[in-house]
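In what follows, residues are counted from 1 in the order of the sequence shown. Predicted, not measured: the structure shown is a model, and the values here were computed from it.
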Amino acid sequence: MAKGYWLATGKITDVKGFMPYAVVAELYLKKCGGNIIIRDIHTDVREGNPGHLTVLIEFASIDDAKAAYEAPEYQEMIKLRTPYSDCQLSILEEGDKAAH
């Protein structure tokens with residue numbers, strides 16, 4: 001089965017305000033079987049404007065990645081970060097989905 005991923009990019013506008021989210025989210029992700037592959041707050045952006053934050057989290061499957069995001073517990077956690085960041089999150093499935 002193909003793995004699932006969360007790819008988050010963006011800007012932290014208030015690091016001190018953002019930290020409570022970071023602490024509870026890390027614990028939550030471990031509980032859901034999420035594995036943080038990349039966590040970088042100094043991303044070397046070469047094109048576009050995705051922000052200085054990049055996080056890649058691996059899950060056993062795309063269904064697990066979606067379930068972790070859609071859970072009411074995580075939806076409440078989002079409220080902890082939104083006043084202190086401008087982030088985008090995509091859920092992806094392992095593999096080349098753009099192959100011709």
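Side-chain contact between Lys3 and Ser61: absent, with no pair of heavy atoms (C-beta onward) separated by less than 4.5 Å. For the pair Lys31 and Glu73, the minimum side-chain heavy-atom distance is below 4.5 Å. Side-chain contact check for Ile57 versus Leu7: every heavy-atom pair is 4.5 Å or farther apart. Put simply, the side chain of Thr54 does not reach to within 4.5 Å of the side chain of Leu56, judged on heavy atoms. You'll find the side chain of Asp44 reaches within 4.5 Å of the side chain of Arg46, heavy atoms only. Looking only at side-chain heavy atoms (C-beta outward), Cys32 and Asp64 stay at 4.5 Å or farther from each other. In this structure, Ile12 and Val15 have side chains that are in contact, with non-hydrogen atoms separated by less than 4.5 Å. Counting heavy atoms from C-beta on, the side chains of His52 and Asp40 never come closer than 4.5 Å.
Applying the ring-ring contact (aromatic ring centres under 6.0 Å, His included) test to residues at least two apart or on different chains, the pairs with a partner in residues 23-42 are Tyr28-Tyr74.
A single hydrophobic cluster is not seen to contain both Leu92 and Leu29; linkage of ILVMFWY side chains at heavy-atom distances under 4.5 Å, directly or through other members, places them apart. The hydrophobic clustering, which links ILVMFWY residues whose side-chain heavy atoms are closer than 4.5 Å, places Met77 and Met19 together. Tracing side-chain contacts under 4.5 Å through hydrophobic residues (I, L, V, M, F, W, Y), one reaches Leu89 starting from Val24; they form part of the same cluster.
Heavy-atom minimum distance, Gln88 versus Gly10: OE1-CA, 4.0 Å. Minimum interatomic distance between Val45 and Gly51 (heavy atoms only, all atoms of both residues): CG2-O, 3.4 Å. Nearest heavy atom pair, residue Ser85 against residue Thr13, reads N-OG1, 3.5 Å. Heavy atoms only, all atoms of each residue included: Cys87 and Lys11 are closest at SG-O, 4.3 Å. In terms of heavy atoms, Ile41 sits closest to Leu53 at CG2-CD1, 3.8 Å.
How far CD of Glu93 is from CE of Met1: 8.5 Å, rounded to the nearest 0.5 Å. Distance check: Asn49 CG to Thr9 OG1 gives 9.5 Å after rounding to the nearest 0.5 Å. Here the straight-line distance linking atom OH of Tyr5 with atom CD of Glu58 works out to 4.0 Å at 0.5 Å rounding. Between Glu26 atom CD and Tyr21 atom OH the span is 11.0 Å, to the nearest 0.5 Å.
For the pair Trp6 (side chain) and Ala65 (backbone), a donor-acceptor distance under 3.5 Å is present. A donor-acceptor pair under 3.5 Å is formed between the side chain of Gln75 and the backbone N or O of Tyr69.
Annotation: side-chain contact (heavy atoms from CB on, under 4.5 Å) contacts of Asp14 (sequence neighbours excluded): Lys16, Tyr84.
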Determine, step by step, whether Ile62 and Ile91 satisfy the side chain to side chain contact (heavy atoms under 4.5 Å, CB included) criterion, reporting the C-alpha distance in whole Å, the side-chain angles of both residues, the deciding distance to 0.1 Å, and the verdict. CA-CA 8 Å; Ile62 189 75; Ile91 297 178; 3.5 Å; yes
